[in-house]
Structures are given as C-alpha cells and as structure tokens.
Q: 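For reference, the structure I am asking about is given below.
Every value quoted in this text rests on a predicted model; they were computed, and no experiment measured them. No hydrogens, no waters, no symmetry mates; every other heavy atom, side chains included, goes into these values.
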Amino acid sequence: MSELVICFFFLIVIILCLSFTLKSKMISLTKNNLDDGLSLSTLAAVIIDLEEYASNGNVILKEDSYDIFIETLKTNLKLDVNLDSINPIYYKSVNVKKFIIYNVVGNDVIRVTYDNGACKKEFFQNEKENLLAENGEIINVTSIYTEIEVEIEGFMGSECIPVTVSNLMKVDKSRAEKGDENEKEENDI
C-alpha cells in the first residue's frame, strides 16, 4: 500500500513539474509574440514627412504615426477595437503604456507623447545628445519609443503576471544614404 502512495506522490510531482514547464514556455512564447508584434507595429509607424525631408533634409515622423501604430498593433496581435484579444488564451487585452516620437532637427529634439490618443509636444533645444529615451538610450536621431503591457495568468490560476514589452526604433538617415551609395556602387560594377 505504501508503494502505491509513493508512486501516486511521484506522479503528482511529475505532473506539477510538467505543468510549470509548460506555463513557463507559454509565457516565453507570448512575450516573443508580443515583442515581434510590437516591433512590426512600431516599424509600420515610421512614416516620414517627405515634404520636410525634401525641402530641409530633416527626418521628421508624421503625427498620424500613432493611429497607424494602433491599427497595425490590432492586426499583428489579433486585437479588437478596444485592444482586447480576439483569442484570449494567453492574454485578455493590451495596454499601450507609451508611444513617444522623438523628432531630431539639427541639435534640437521635439518629443511628441501620445496618451490615450491625446498628443503632447515638448521642445528640447540643443538636447540631441543629452536627452534619454524611456529605456535609457541617448536620442541622437529621430526615433519612436513604444511600450505595451499585458497580464498573463500565473501558474495554476494564480494571480496575473504583468508582462511589459518595449521597443526603441531609430530612423537613421545616414544608414539610408550609405545604403544608396552601396547600391550605386553595386550597380556600377
């Protein structure tokens, strides 16, 4: 009889270990999915004002970038109009915590912050190399910082675990110009 109890106890321990391993893997996969969706949505929001670029050479992101970001995020993460998950297996809803555009013009930075769709602009004179993004990186080129948060159910139905994913997308025109030069060199060969 004691052998049966030991076997039963051993079976329970194995089931708990497997359950914990599967939940950990699910959280990791969800975080990767969120990171990919956020990166692609942030990239889609990089809408450069071509008139400004053509006339002054400044890379300035348009103000409708936020709307494009939200629409792309809905598509990438399969969300409805309220940013609730259409298939709430891993997370129920997404909270856009931060969407900040850093437009760099010369040595000045214009920070455009969106909070629930409301836009706030701040001007930082001569702060190009001094201003830090929310993740601590120096703002030296036009950039977008995005941050989302979801709550994932914990192990065996325990309290929800908040998972935050962020992204800083830099728009470096010097790389684009170098890319054009490399393309010209390849075409000349």
Q: Answer yes or no: are there more than 12 heavy-atom neighbours, outside Leu43 itself, under 6.0 Å from its atom CG?
A: yes

Q: How many angstroms lie between atom CG of Leu73 and atom NZ of Lys78, to the nearest 0.5 angstrom?
A: 12.0 Å

Q: Checking the side chain of Ser143 only, and the main-chain atoms of Val141 only, is there a donor and an acceptor separated by less than 3.5 Å?
A: yes

Q: Side chain to side chain contact (heavy atoms under 4.5 Å, CB included) with Val171: which of Ile101, Ile60, Ile48, Asn103?
A: Ile48

Q: Taking only residues two or more places apart in sequence or in another chain, which ones pass side-chain hydrogen bond (donor to acceptor under 3.5 Å, both in side chains) with Lys62?
A: none

Q: Can you tell whether the side chains of Glu151 and Lys92 come within less than 4.0 Å, N to carboxylate O?
A: no

Q: For the OG atom of Ser55 and the CG atom of Leu50, what is their distance to the nearest 0.5 Å?
A: 10.5 Å

Q: Can Phe20 and Leu16 be said to form a side chain to side chain contact (heavy atoms under 4.5 Å, CB included), step by step?
A: CA-CA 6 Å; Phe20 181 77; Leu16 286 174; over 6 Å; no

Q: With the 4.5 Å side-chain cut-off for hydrophobic clustering, are Phe123 and Ile138 part of the same group?
A: no

Q: Grouping I, L, V, M, F, W and Y whenever their side-chain heavy atoms are under 4.5 Å apart, do Ile47 and Tyr53 come out in a common cluster?
A: no

Q: Please name the residue in the list Ile144, Asn140, Val104, Val46 that meets the side chain to side chain contact (heavy atoms under 4.5 Å, CB included) test with Lys170.
A: Asn140

Q: Using the side chain to side chain contact (heavy atoms under 4.5 Å, CB included) rule, take Asp108 and Glu127 through it: C-alpha gap first, then chi angles, then the decisive distance, then the call.
A: CA-CA 6 Å; Asp108 303 328; Glu127 290 291 320; over 6 Å; no

Q: Hey, is the main chain of Glu137 close enough, under 3.5 Å, to the side chain of Asn135 for a donor-acceptor pair?
A: yes

Q: List the atom of Ser93, the atom of Asp84, and the distance in Å for their closest heavy-atom pair.
A: CB-OD1, 3.0 Å

Q: Test side chain to side chain contact (heavy atoms under 4.5 Å, CB included) on Leu83 and Val96 and set out the steps.
A: CA-CA 9 Å; Leu83 300 181; Val96 178; 3.9 Å; yes

Q: Does some side-chain heavy atom of Thr146 sit less than 4.5 Å from a side-chain heavy atom of Lys98?
A: no

Q: Is there a donor-acceptor pair under 3.5 Å between the side chain of Ser41 and the backbone N or O of Gly37?
A: yes

Q: Check Lys121 with Glu63, please: is the shortest side-chain N to carboxylate O separation under 4.0 Å?
A: yes

Q: Does any N or O in the side chain of Thr164 come within less than 3.5 Å of the main-chain N or O of Glu149, such that one atom is a donor and the other an acceptor?
A: no

Q: Is Ser65 reaching over with its side chain to a backbone N or O of Leu61, donor-acceptor style, under 3.5 angstrom?
A: no

Q: Nearest 0.5 Å, what's the CG-OG1 distance between Leu40 and Thr75?
A: 11.0 Å

Q: To the nearest 0.5 Å, what is the distance between CG on Asn107 and CG on Asn126?
A: 5.5 Å

Q: Can you list the steps and then say if Glu52 with Asn58 is a side-chain hydrogen bond (donor to acceptor under 3.5 Å, both in side chains)?
A: CA-CA 6 Å; Glu52 175 68 24; Asn58 295 322; 2.8 Å; yes

Q: Tell me if a side-chain donor or acceptor on Ser19 pairs with a main-chain N or O of Ile15 at a distance below 3.5 Å.
A: no

Q: With respect to Lys74, which candidate in Leu77, Asn76, Ile70 satisfies the side chain to side chain contact (heavy atoms under 4.5 Å, CB included) definition?
A: Ile70

Q: Which label fits Phe69 and Phe99: parallel for a plane angle under 30°, tilted from 30 to 60°, or perpendicular past 60°?
A: tilted

Q: OG of Ser85 to CG of Leu79: how many Å apart, nearest 0.5 Å?
A: 6.0 Å

Q: Which pair of non-hydrogen atoms, one from Tyr102 and one from Leu132, has the smallest distance, and what is that distance?
A: OH-O, 4.1 Å

Q: Taking all non-hydrogen atoms of both residues into account, name the closest pair between Ser166 and Tyr145 and its distance.
A: CB-OH, 3.3 Å

Q: Looking at CG of Asp115 and NZ of Lys97, how far apart are the two atoms once the value is rounded to the nearest 0.5 Å?
A: 10.5 Å

Q: A side-chain contact here means heavy atoms from C-beta on lying under 4.5 Å apart; do Val112 and Ile100 qualify?
A: no

Q: When you look at Ile68 and Thr72, which way does the side chain to side chain contact (heavy atoms under 4.5 Å, CB included) test go after all the steps?
A: CA-CA 6 Å; Ile68 293 167; Thr72 309; 4.0 Å; yes

Q: Quick one: does Lys25's side chain get under 4.5 Å of Leu29's, heavy atoms only?
A: yes

